[in-house]
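As the structure is a prediction and not an experimental result, all values here were calculated from the model. Keep in mind that the numbers below use all heavy atoms, side chains included, and drop hydrogens, waters and symmetry copies.
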Amino acid sequence: MAGAAACGTGGGSGRPGQAGQATPAAGTVTVFAAASLTGAFTELGKAFEAANPGVTVRFNFGSSATLAQQITQGAPADVFAAASPATMKTVTDASLASAPITFVRNKLQIAVPAGNPAKVDELKDLADPKVKVALCAAQVPCGAAAAKALAAAGLKVTPVTLEQDVKATLTKVVLGEVDAALVYRTDVLASGGEVSGIDFPEARQAVNDYPIAALAKAPAGDLARRFVDLVLSQRGRDVLAEAGFELP
């Protein structure tokens, strides 16, 4: 499956999660997760594998809208972690998940390349036609959040590119192909200093809730529930907070 990558077994941090420690198990748990969760969930996947010898956590990271569509079209998955309630609703409306739980929240920042060559300081600078801007596509949670923030500021921004997930949007900044982009704060942190993040007040009006659920037709139902338990545990909360997510 495009975008899918397996964590290496036994490559965890040596700090097992609080969930899933009772009995050793074997098998694979497949987690579909928003691209912005890549760093935190990869770490939690290693912890889950360390706590469950013989188990492999396989991830498919990408646009929540695309992942939801794949799930409704029958892609085999055990867990879905979305970057917005709207994309999770696609799955729950199809009776493929029930009672999703909001586990983190995320807000936008303006990402600019090192040195900020276009001298972007605030959100209104993105409306300057001389500033090349990248945004997520409207159907993607980060794109919907950007639209809310820009509407709250009364701004019209014409992007030079619309990307299908937040990682692709950030990459445009890293490569210097645009002067700025609206991405999640967590993605700016995960860049390791390759880009700088600028806070802006309208971001508070476009905070995204992230829901998670074990899927109703999960091939590995028990492992799916145990992975969700790990995400919701104190260990999971610590990893996610360190990555820059806000806890509900």
Side-chain angles (χ1 to χ4, degrees), residues 1-8 27-46 48-49 55-104 106 134-147 161-171 183-184 186-187 190 208-232 236 240 243 245:
M1 181 177 299
C7 285
T28 298
V29 57
T30 302
V31 179
F32 281 34
S36 49
L37 292 164
T38 300
F41 266 35
T42 297
E43 181 175 346
L44 290 175
K46 292 176 180 178
F48 192 83
E49 290 177 343
V55 170
T56 296
V57 182
R58 186 175 296 277
F59 289 105
N60 184 16
F61 294 110
S63 158
S64 295
T66 300
L67 297 176
Q69 183 179 44
Q70 290 174 353
I71 291 168
T72 59
Q73 291 176 348
D78 299 300
V79 175
F80 182 37
S84 72
T87 45
M88 178 61 78
K89 188 173 185 294
T90 301
V91 174
T92 57
D93 283 355
S95 300
L96 295 175
S98 61
I101 298 171
T102 297
F103 65 104
V104 288
N106 211 350
L135 297 177
C136 296
Q139 70 271 21
V140 180
C142 62
T161 182
L162 291 170
E163 300 298 322
Q164 291 305 306
D165 65 56
V166 71
K167 295 295 185 186
T169 306
L170 185 69
T171 297
V183 299
Y184 296 124
T186 52
D187 292 287
N208 274 17
D209 289 349
Y210 281 50
I212 189 170
L215 296 174
K217 297 182 180 180
D222 180 60
L223 290 174
R225 289 185 289 273
R226 289 159 71 174
F227 184 84
V228 172
D229 286 346
L230 172 59
V231 172
L232 299 175
L240 290 157
F245 290 95

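For the pair T90 and Q69, the minimum side-chain heavy-atom distance is 4.5 Å or more. Contact of the T87 side chain with the V140 side chain is not registered, since no non-hydrogen atoms from C-beta on lie closer than 4.5 Å. Counting heavy atoms from C-beta on, the side chains of T38 and F59 never come closer than 4.5 Å. Using a 4.5 Å cut-off on side-chain heavy atoms (C-beta onward), R58 and V29 make no contact. Within the 4.5 Å cutoff, the side chain of P100 has no heavy atoms near those of the I212 side chain.
Shown here for A34 and L67, the closest heavy-atom pair between the two residues is N-CD1, 4.1 Å. Closest non-hydrogen pair, L230 versus L44, comes out as CD2-O, 3.5 Å. S36 approaches K167 most closely through the heavy-atom pair CA-CE, 4.4 Å. Shortest non-hydrogen contact noted between C142 and N208 is N-ND2, 4.4 Å. Across every non-hydrogen atom of P141 and A65, the tightest pair is CD-N, 4.5 Å. When all heavy atoms of A243 and T186 are compared, the pair lying nearest together is O-CG2, 3.4 Å.
With rounding to the nearest 0.5 Å, the separation of CG in L240 from CG in L37 is 7.0 Å. In this structure, the separation between CD1 on I71 and CG on L215 is 5.0 Å, given to the nearest 0.5 Å. Distance check: S95 OG to K217 NZ gives 8.5 Å after rounding to the nearest 0.5 Å. Summarising the geometry, atom CZ belonging to F80 is positioned 10.0 Å from atom OG1 belonging to T92; distances are rounded to the nearest 0.5 Å. Atom CG of D209 is separated from atom OG of S84 by 9.5 Å, given to the nearest 0.5 angstrom. To the nearest 0.5 Å, atoms CG (N60) and OG1 (T30) are separated by 9.0 Å.
For the side-chain contact (heavy atoms from CB on, under 4.5 Å) test with Y184, the passing option among L170, T169, V166 is V166; the others fail.
Distance alone, capped at 3.5 Å, is enough to place a donor-acceptor pair between the E49 side chain and the V57 backbone. At distances below 3.5 Å, at least one donor-acceptor pair connects side-chain atoms of D78 with backbone N or O atoms of A220. Between the S64 side chain and the A83 main chain, a donor and an acceptor come within less than 3.5 Å of each other.
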Decide yes or no on side chain to side chain contact (heavy atoms under 4.5 Å, CB included) for F103 and V228, but give the supporting numbers first.
-> CA-CA 10 Å; F103 65 104; V228 172; over 6 Å; no

D222/R226 under salt bridge (Lys or Arg N to Asp or Glu O under 4.0 Å): CA gap, chis, key distance, verdict = CA-CA 6 Å; D222 180 60; R226 289 159 71 174; 2.9 Å; yes

With side chain to side chain contact (heavy atoms under 4.5 Å, CB included) as the test, would you mind laying out the steps for F48 and V55 before giving the verdict?
-> CA-CA 8 Å; F48 192 83; V55 170; 3.9 Å; yes

Can you list the steps and then say if Y210 with F245 is a ring-ring contact (aromatic ring centres under 6.0 Å, His included)?
-> CA-CA 10 Å; Y210 281 50; F245 290 95; 5.5 Å; yes

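Legend: salt bridge (charged side-chain N to carboxylate O under 4.0 Å, His left out) pairs involving residues 62-77, not counting sequence neighbours: none detected.
For the residue pair E163/T161, the side-chain donor-acceptor check at 3.5 Å is satisfied.
Ring pair F41/F227 is perpendicular by interplanar angle, where above 60° counts as perpendicular and below 30° as parallel.
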